[in-house]
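We use all heavy atoms of the structure for the numbers below, so side chains are in, but hydrogens, waters and symmetry mates are not.
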Amino acid sequence: MLKYYLIFTLIFLLQSCASKEPADIIPDQVIPSQQQIAYQKMEMIGFVHFTVNTYTDKEWGYGDESPSIFNPVKLDASQWAKAAKVAGLKQLILTAKHHDGFCLWPSAYTEHSVKNSPWKEGKGDVVREFVDACRINGLKAGLYLSPWDRNHASYGRKEYINYYRNQLRELLTNYGTISEIWFDGANGGDGYYGGANEERRIDRKTYYNWPETWSFVKDLQPDILIFSDAGPDIRWIGNENGFAGETNWSKLDPQKVTVGGADTGYLNRGDSLGSKWVVGECDVSIRPGWFYHQHEDSMVKSLKQLLEIYYKSVGRNGVMLLNIPPTPEGLFHENDIKALKNLRQVLDETFTTNLASGKEVTASNTRLNHSKFAAQNIVDDSTESYWAPDDGITNASLEIDLGEPQVFDRIVLQEPIRFGQRVAAFSIQIMQNDKWVNLARGTTIGYKRIMRTPVTKTSKIRLFIEKSMNIPAISNFAIYKASPKENL
Ligand code: FUL
């Protein structure tokens with residue numbers, strides 16, 4: 001008996017030794033939270049700018065608008081959510097209150113809201129309809145609450161901060177899970193202010209006591225992501241064109257940013273040495289303005305413009321936040337819906353067939369020579385598995401044998417960002433007449449980097465990592481031929 005026992009134990013030990021997986025690479029000091037990873041994975045989300053401006057044809061209401069003008073007789077938030085879903089947007093953010101101070105929900109703290117509008121005889125709640133429609137359609141819901149309030153009499157004084165936080169509490173306790181809260185940097189100036197009609201300036205650094213406001217928000221919704229110029233979770237990308245920097249680190253040094261006063265170039269590029277993970281969000285409107293204006297019905301962005309935004313946001317390690325403003329009736333305009341559908345259709349066509357999928361990959365070095373870190377992992381259609389080299393190696397090459405010559409003009413690269421963002425410079429070469437020639441160069445990769453190249457035919461392609469802040473890791477390398485519709 002003892003003999004058999006010993007033999008079995010030996011076999012068991014041998015087996016478990018052989019199958020023991022090596023540990024993952026050691027994560028960097030600065031890594032994203034689970035919520036930030038999920039956020040980057042959404043890639044495209046939507047903004048809904050809606051308030052009294054929709055009725056006055058303005059972009060910034062003064063604060064003296066009468067609630068009686070707000071009457072979206074056909075309001076249908078599920079129409080918004082369905083259009084967003086078809087477009088592949090994974091979350092919508094509604095302006096619960098813009099700078100004019102008008103509240104789309106019946107706030108208990110002001111009369112300046114839907115409750116004094118003719119819409120649904122003052123019994124309506126746009127925020128409620130919005131969050132419900134998002135959830136029914138499988139979208140996450142986010143809210144924008146303008147810190148600047150041109151209606152409120154106490155704006156600029158201490159009392160206003162109480163008012164602002166009371167409103168935050170209403171929005172973050174009465175409407176279920178809110179995934180993102182948007183704190184706009186535009187702050188202070190002239191306004192109605194309860195009839196004072198004057199200019200009020202605030203100290204951007206101290207007035208809102210942002211650190212305290214942020215923790216107030218997190219106490220109410222622990223998983224929420226907070227957007228502002230300065231983060232702490234999501235940062236403004238530094239422009240309203242929807243373009244991230246060609247170099248875009250998802251990291252920042254909090255000392256170098258202020259809400260409403262940050263260096264836009266710094267926000268655009270992020271900081272390779274930043275001590276906090278702060279994702280870049282690229283906001284842009286589908287029309288020239290953020291709010292609906294009838295005269296802009298013919299100015300909805302073309303497919304070409306929307307693709308440009310996609311490649312310069314999602315394609316540069318950012319999240320694309322595309323605004324679609326409802327009409328005075330409360331619906332997305334058909335031109336906007338058409339543009340959204342078109343964009344999704346063309347993106348789907350472009351990114352359907354990865355011509356590198358399952359092809360043979362060899363790396364200049366593979367960590368521990370173990371399959372867990374094998375080069376093959378970059379073409380296995382999973383963005384969880386990854387290739388990494390041995391410790392101490394910060395430049396490396398990964399060569400893909402495509403077998404047959406393939407024709408492509410898009411390259412997608414991804415890092416497994418749960419370990420941090422590392423690659424700082426890379427190039428892509430192709431084999432042409434038995435020689436490696438340069439096709440493209442880039443700096444950062446991050447969650448996703450898409451390179452647009454001339455139409456290229458080759459049977460061998462390689463990624464050369466030239467500089468990395470730590471040992472590099474790559475989870476995905478894919479090549480595609482763009483839909484012919486991209487160039488129409
Ligand atoms: C800006 C605002 O002033 C615009 O009206 C708009 O809401 C945009 C998203 O942010 O700072």
### Task
Taking the side chain as every heavy atom from C-beta outward, state whether Q91 and S179 have any pair of such atoms under 4.5 Å apart.
yes

#### Entry: Ion pair R410/E486, N-O distance below 4.0 Å
yes

### Aromatic plane relationship, F351 with Y480 - under 30° parallel, 30 to 60° tilted, over 60° perpendicular
perpendicular

### Task
Nearest 0.5 Å please: distance from the NZ atom of K115 over to the OG1 atom of T110.
7.0 Å

### Message
Once you measure the plane-to-plane angle for Y386 and F419, does it fall in the parallel (<30°), tilted (30-60°) or perpendicular (>60°) bin?
### Response
tilted

### Task
Find the distance between CG (N187) and CZ (R201) and round it off to the nearest 0.5 Å.
10.0 Å

### Query
If you take all heavy atoms of A440 and T453, which pair is closest and at what distance?
CB-CG2, 4.3 Å

### Task
Apply the test side chain to side chain contact (heavy atoms under 4.5 Å, CB included) to residues V284 and L322: give CA-CA distance (whole Å), side-chain angles for both, the deciding distance (0.1 Å), then the verdict.
CA-CA 5 Å; V284 62; L322 181 63; 4.0 Å; yes

### Task
Measure the spacing between OH of Y310 and CD1 of I450 and express it to the nearest 0.5 Å.
4.0 Å

### Query
Which atom pair, heavy atoms only, marks the closest approach of I25 to I471?
CG2-CD1, 3.7 Å

### Message
Quick one, R157 and R200 - any side-chain contact, counting heavy atoms below 4.5 Å?
### Response
yes

### Message
Can you classify the ring geometry of Y163 versus Y160 as parallel (below 30°), tilted (30 to 60°) or perpendicular (above 60°)?
### Response
tilted

### Side-chain touch F426/P472, heavy atoms, less than 4.5 angstrom
no

### Contact check, side chains of S250 and Q40, non-hydrogen atoms, under 4.5 Å
yes

### Message
Which label fits Y292 and H333: parallel for a plane angle under 30°, tilted from 30 to 60°, or perpendicular past 60°?
### Response
parallel

### Task
Can you spot which of W60, F291, Y62, Y192 makes a ring pair (Phe, Tyr, Trp, His ring centres under 6.0 Å) with H99?
W60

### Query
Are any of the side-chain heavy atoms of W148 and I202 separated by less than 4.5 Å?
no

### Query
Which one of T350, D409, T352 satisfies the side-chain hydrogen bond (donor to acceptor under 3.5 Å, both in side chains) criterion with K481?
D409

### Task
Answer with yes or no whether the side chains of Q35 and Y39 bring together a donor and an acceptor at under 3.5 Å.
no

## Note on the structure
Closest heavy-atom pair, R287 versus H293, reported as atoms and distance to 0.1 Å, is NH1-O, 3.4 Å

#### Entry: Pair D149 + K97: basic N to acidic O under 4.0 Å
yes

### Query
If you measure from SG on C103 to CG on N151, what distance do you get to the nearest 0.5 Å?
8.0 Å

### Summary
Taking every heavy atom of V86 against every heavy atom of R344, the minimum-distance pair comes out as O-CG, 3.1 Å

### Message
Applying ring pair (Phe, Tyr, Trp, His ring centres under 6.0 Å) to F183 and W210, what does each step give before you reach the verdict?
### Response
CA-CA 10 Å; F183 292 129; W210 283 117; 4.9 Å; yes

### Query
Can you tell me if R449 and T444 form a side-chain donor-acceptor pair at under 3.5 Å?
no

### Query
Is any side-chain heavy atom of R235 closer than 4.5 Å to a side-chain heavy atom of F227?
no

### Query
Going through the checks in order, is the ring pair (Phe, Tyr, Trp, His ring centres under 6.0 Å) test met by Y164 and Y155?
CA-CA 9 Å; Y164 189 64; Y155 181 78; 9.2 Å; no

#### Entry: Pair F50 and Y144, ring centroids less than 6.0 Å apart
no

### Task
Taking all heavy atoms of S285 and all of K301, pick out the closest pair and write down the distance.
O-NZ, 2.6 Å

### No-hydrogen, no-angle side-chain donor-acceptor test under 3.5 Å, S154 and E159
no

### Query
What residue pairs, at least two apart or across chains, pass side-chain hydrogen bond (donor to acceptor under 3.5 Å, both in side chains) with a residue in residues 268-278?
Y266-D271

### Query
To the nearest 0.5 Å, what is the distance between NZ (K448) and CD (Q414)?
5.0 Å

### Task
If the plane angle is over 60° it's perpendicular, under 30° parallel, otherwise tilted; pick one for W80 and F332.
parallel

### Pairwise side-chain contact, L321 with W182, heavy-atom cut-off 4.5 Å (strictly under)
yes

### Query
Given side chains that start at C-beta, do those of I93 and E180 come closer than 4.5 Å, heavy atoms only?
yes

### Task
Starting at CG of L413, measure out to OH of Y447 and round the result to the nearest 0.5 Å.
13.0 Å

## Note on the structure
When T54, N323, T95 are each screened for side-chain hydrogen bond (donor to acceptor under 3.5 Å, both in side chains) with H49, the one that passes is N323

### Least distance between heavy atoms, L92 atom then A84 atom
CD2-CB, 3.9 Å

### Message
Which residues pass the ring-ring contact (aromatic ring centres under 6.0 Å, His included) test with Y109, not counting sequence neighbours?
### Response
none

#### Entry: Lys/Arg N to Asp/Glu carboxylate O, D190 vs R150, below 4.0 Å
yes

### Side-chain H-bond candidate by donor/acceptor type, D76 with Q79, under 3.5 Å
no

### Query
Among side-chain atoms of D233 and S33, is any donor-acceptor pair under 3.5 angstrom?
no

